[in-house]
Protein chains: 2
Amino acid sequence: MHRRADVIAAALDILAEVGLPDLTMRRLGATLGVQQSAIYHHFANKQLLLGAVADEIVARGPHSSIEPDAPWPQRVRLACTDVHAAVLAYADGADVVMSMFAFGLGGQAAYDRLRSELRPSGLDEAVTASAARTLLHYVYGHAFDIQTRAQAARVGAIDPDSPEDDFAIGLTFVIDGIAGRANALGPAPSRE
Amino acid sequence: MHRRADVIAAALDILAEVGLPDLTMRRLGATLGVQQSAIYHHFANKQLLLGAVADEIVARGPHSSIEPDAPWPQRVRLACTDVHAAVLAYADGADVVMSMFAFGLGGQAAYDRLRSELRPSGLDEAVTASAARTLLHYVYGHAFDIQTRAQAARVGAIDPDSPEDDFAIGLTFVIDGIAGRANALGPAPSRE
DNA sequence: ACCTGAACACCGTTCAAGT
DNA sequence: ACCTGAACACCGTTCAAGT
């Protein structure tokens, strides 16, 4: 009857409508029309299910394309805004993707794309990996902040208060810092 | 008998010994020698307790001093390594502090210190605030990653794999990006 | 292979009642 | 002011048993 993909889709529906605290095995079973225990036939535990959900959130997000000869900082920026938009599309999406990535259970696609886009920078592989993780930490951290603040505002604990271009400003800081180091050791015009 | 500070201290003990999932009201009550329900006389709910715990984690962390005439990027870097060390000192410290900061319930001290250290950059207030948040997102995101990976490694789900100087590399990217923008509009020698 | 039904060992929170 | 004792409405997970 049901396949793994059905369970993941139902989980995303719940996430979109309510949020992570309401994504319970009981509610998931009710959405699928089965007992809660039936889900354990498809996923050994909830954590592994959330890992698959994290992958799907990133996969369903935008994958903007750009001229192949565009400078790499511009391509990196596009990759970051894509991931940012992807996790913002579902309530607590940043929480799920960030946690699962750190646990090694999902969100690997975003990390791989960033490393790939950073390759033309000329930075060695170890520094490139650090740069990709720095970008991810910022993107996830910013999205988590937005989503948590929205939830806090809904409970009336806080005023949202975050400016419109906040994400873009911070992203420019990080990318400029990476580009600055890349320019310091080779030719790769990115600004000016 | 017990005061608010006793409850917070007991919560930090539990965090240091085990971790956030074991920081239950029942265990907290047992540590304090009271019923779980007694804690609700000091904190209206668990979330407000965690907010106070987050403040205490930051307060107990290092507060490194430096020559007052040191360049501001150096002072900002020190503030970041202080906060990083503070949250790493307790299991799931990054998770608690990050969540409570986003919810507006704690960790305000770190944000205020960063904004203060960034003032000499000459950036206007809105950009300075964005810069401070960018740094916090990176610091918390990185620490969260480390602590979650450590937990995953304990369960045997992943290899730790993160290089030693990873935090320093990413921090340089972010600070250089901020300094680059500051230098573009006024005199403030930070590098070279 | 896929699911049911019932249980187990937990949670956070509430509340009358005590001192 | 501070705490007890007991309950309420939940959790994730397991497991024998069905088809």
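Chain A is the first sequence line, chain B the second, and so forth, proteins listed ahead of strands; every chain is numbered from 1.
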Asker: To the nearest Å, how far apart are A:Tyr40 OH and D:dC11 P?
Answerer: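 Checked: the OH to P distance equals 12 Å.
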
Asker: What closest approach, in Å, do A:Asp22 and A:Ile14 show between heavy atoms, and which atom pair accounts for it?
Answerer: O-CG2, 3.8 Å

Asker: For the residue pair B:Ser99 / B:Asp95, report whether a side-chain donor-acceptor contact shorter than 3.5 Å exists.
Answerer: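 Yes, B:Ser99 and B:Asp95 have a side-chain donor paired with an acceptor closer than 3.5 Å.
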
Asker: Starting at CD1 of A:Ile39 and ending at P of C:dT4, how long is that distance when rounded to a whole Å?
Answerer: 10 Å

Asker: Tell me, please, whether B:Tyr111 has B:Arg115 positioned over its six-membered ring: NZ or CZ under 6.0 Å from the ring centre and within 45 degrees of its axis?
Answerer: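 Checked: cation-pi criterion met.
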
Asker: Could you tell me the separation between the CD atom of A:Gln35 and the C1' atom of C:dA7, rounded to a whole number of Å?
Answerer: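 Spelled out: CD on A:Gln35 to C1' on C:dA7 is 12 Å.
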
Asker: How about A:Ser116 and A:Asp112: does a side-chain donor come under 3.5 Å of a side-chain acceptor?
Answerer: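 Looking only at side-chain atoms, A:Asp112 and A:Ser116 do not form any donor-acceptor pair under 3.5 Å.
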
Asker: Could you state the CD-C1' distance from B:Gln36 to C:dC11, rounded to the nearest angstrom?
Answerer: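 Answer to the nearest Å: 9 Å.
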
Asker: Should the pair A:Arg133-B:Asp145 be classified as a salt bridge under the 4.0 Å nitrogen-to-oxygen rule?
Answerer: no

Asker: Verify the ring-centre separation between B:His142 and B:His84: is it less than 6.0 angstrom?
Answerer: yes

Asker: Considering non-hydrogen atoms only, spot the tightest contact between A:Thr81 and A:Phe167 and give its length.
Answerer: CG2-CE2, 4.0 Å

Asker: Sort by first number and list every stem of DNA chain D: at least 3 consecutive Watson-Crick or G-U wobble pairs, both distances under 3.5 Å.
Answerer: C:4-8 with D:12-16, C:12-16 with D:4-8

Asker: Please confirm whether the backbone N or O of A:Gly93 pairs with a side-chain atom of A:Gln147, one donor and one acceptor, at under 3.5 Å?
Answerer: yes

Asker: Please tell me which of B:Ser37 and B:Arg3 maps to the more 5' nucleotide of DNA chain D, matching each residue to the nucleotide holding its nearest heavy atom.
Answerer: B:Arg3

Asker: In residues 41-53 of chain B, which ones come under 4.0 Å of DNA chain D, going by heavy atoms?
Answerer: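 B:His41, B:His42 - these, ordered by number, are the residues of the stretch whose heavy atoms sit under 4.0 Å from the strand.
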
Asker: Indicate yes or no: does A:Asp176 engage B:Arg181 in a salt bridge with an N to O separation below 4.0 Å.
Answerer: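 Between B:Arg181 and A:Asp176 there is no salt bridge, as every charged N stays at least 4.0 Å from the carboxylate O atoms.
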
Asker: Nearest-Å distance, CZ (A:Arg4) to P (C:dC2)?
Answerer: 11 Å

Asker: Expressed in angstrom and rounded to an integer, what is the separation of B:His2 atom NE2 from D:dT4 atom C1'?
Answerer: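 The answer, rounded to whole Å, is 14 Å.
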
Asker: Give me the distance, rounded to whole Å, that separates C:dA17 from D:dC2 when you measure between the P atoms they each carry.
Answerer: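 That atom pair is separated by 22 Å.
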
Asker: Between residues 11-32 of chain A and DNA chain C, which residues have a heavy-atom gap below 4.0 Å?
Answerer: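 By residue number: none to list.
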
